Amino acid sequence: MAGMFQKVGEYAHGGMAAVRDALAFTGETACAFASLVVRPRSLRLKDAALAFQRAGCEGLPIATLIGFLLGLILAFESAASLRQFGVEIYVADLIAIGLFRELGPLVTAIILAGRSGSAFAAEIGTMTVNEELDALTTMNLDPVKFLVLPRMLAAILAMPLLTIAAEIAGLAGGMLVLQMMDVPAVAYWTHVADASGVFTISLGLGKSALFGLLVGLVGCSAGMHTRKTADGVGVAATSAVVGGIIAIAVADGLLAVACYMLGV
Amino acid sequence: MASAEDDLIIAEHVDAGYPGKTILHDVSFTVKRGEVFVMLGGSGCGKSTMMKHLIGLNPVLAGRLVVAGREWTWANRREILAKIGVMYQSGALFGSMSVLENVLLPLEEFTKLKRKEREEKARRLLGLVGLADSADLMPGDLSGGMKKRAAIARAMALEPEILFLDEPSAGLDPLTSNALDDLILDLRKREGMTFVIVTHELPSIFKIADRCVMFDRARHAMVAEGSPQDLRDSCEDMFVREFFARGEVK
Ligand SMILES: Nc1ncnc2c1ncn2[C@@H]1O[C@H](COP(=O)(O)OP(=O)(O)O)[C@@H](O)[C@H]1O
Ligand SMILES: [Mg+2]
């Protein structure tokens, strides 16, 4: 019995420590971002560009593929029902709204968490284990500014890019299905244009940038808190993916509620 | 002759270790400017732990620490770090940069040297540690000893007042190790650099060390302090005499 209480206590204590670490890390990162605004030239541009290439450009194929399949599946599944009422053209509205508002950013963010959140954690985690972070610290270089900021920036910028690619591919997938059902392309794109609009699209892109920030934050934090054990880097990479997806889901839920309350 | 100003490092009643785990109790010593100071002891006795306190990575559990003439506090952090260079036991080279880029990094971040001057200086430093022909290799392609030498070049880049070296000659062949000792003595003579070195190599200790302290893992304490000759000839502690007699810790 006492053992059980002790376990619960230990878990709670461990959980609190994790939350405290995350908050401290978020604060440090915010400070580093603030100092970057004051002195933009202190950014390691080369590292940021490399991280952007890895997270963004090299992620394009998979984002496009998943987006395309998503559009295809959405169209097939909804067309069957809508067809019974002879309004399969509304598949276009469904896909446009679904992708731009919700699925585009969400699915892309999950891809980013799996591809890049884990990579951030593994890269920074390996450096932690090799004492490279200690070396930075004693060289008077701030590891957050040096390692975290370039990757966070890359994630924030890569997300909208990947999201747009996924959305365009998704729309193309939907069109393919409707073409098979003899709906003219012009009608399809007219409906897409009517259903979306600048506001919807930018809302989605803003969301995707936020998700990018979360994935970067969780991934880098996991890397910085890597334990110096044999499985340390593996554990960090796993917790970057899991933590990243949880952060995305929670943020998405909160945003959905906020949008509903604001009526947008 | 020796004034308080010459005491670059002062440890006063320091408890070394990690939160909730004391490795060494009540350690006190001073290091004077221009000295080669050696920390000795069996593996796992807390040499690297003590070094991490000295370079400010971990706070001491108790006691007071002065480095480069300043109390180790958060406010003094940048000033102290600007005066020290560190070579870690593993080398801790940045794996994503070539050897040359590793040495260039501190020069890029903290000096106003032009690109060509920086590169010249970095190559000269690499030459000093015998790595002139390995400048463009990645750290992953170096042997353990080469990594350490590259790390020493990086630590020397900003001409620090104090150079901390964690087991610089472990894993080096006798020739290179000897050359390293010569380099240390030369730097001390020419630049007045102060060294804090963790090492086990007896010949090297007798050659370079002005003073050493010895830690004992079993007693969790510093058990001796003095010049290597004194410790060998007249230390009362069996453990210490045995080390100097046999050249190893049992
Ligand atoms: N991060 C850490 N947390 C807790 N204990 C540690 C940590 N790192 C090392 N130790 C312990 O501290 C002791 C001294 O280690 P260290 O200073 O590395 O020894 P060495 O004298 O060989 O350099 C060892 O018993 C080791 O297990
Ligand atoms: Mg050690």
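In this text, all values refer to a predicted model and were calculated from it rather than measured experimentally. Chain letters run A, B, ... following the sequence lines, proteins first, then strands; residues in each count from 1.
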Tyr18(B): side chain to side chain contact (heavy atoms under 4.5 Å, CB included) partners, not counting sequence neighbours = Ile23(B), Thr49(B), Lys52(B), Asn58(B)

Go through Leu136(A), Leu133(A), Thr126(A) and name the one with the most non-hydrogen pairs under 4.5 angstrom from chain B.
-> Leu136(A)

Which bit of Phe110(B) comes within less than 4.5 Å of chain A, counting heavy atoms only: side chain, backbone, both or neither?
-> side chain

How about Phe37(B) and Phe29(B): are their ring centroids closer than 6.0 Å?
-> yes

Only pairs at least two apart or in different chains count here, so list each salt bridge (Lys or Arg N to Asp or Glu O under 4.0 Å) that has a residue in residues 139-156 of chain A.
-> Glu123(A)-Arg151(A)

Between Glu119(B) and Lys114(B), is there a side-chain N and carboxylate O pair less than 4.0 Å apart?
-> no

Which bit of Ile55(B) is near chain A, if near means a heavy-atom gap under 4.5 Å: side chain, backbone, both or neither?
-> both

With respect to chain B, which residue among Thr137(A), Thr138(A), Asn130(A) yields the maximal number of heavy-atom pairs within a distance under 4.5 Å?
-> Thr138(A)

Please look at Leu93(B) and chain A and tell me whether the side chain, the backbone, both or neither of the residue comes under 4.5 angstrom of a heavy atom of that chain.
-> backbone

So does Glu79(B) pair up with Lys83(B), basic N to acidic O under 4.0 Å?
-> no

Which portion of Met139(A) sits near chain B, non-hydrogen atoms under 4.5 angstrom | both

Please look at Leu50(A) and chain B and tell me whether the side chain, the backbone, both or neither of the residue comes under 4.5 angstrom of a heavy atom of that chain.
-> neither

Between Lys148(B) and Glu167(B), is the closest basic N to carboxylate O distance under 4.0 Å?
-> no

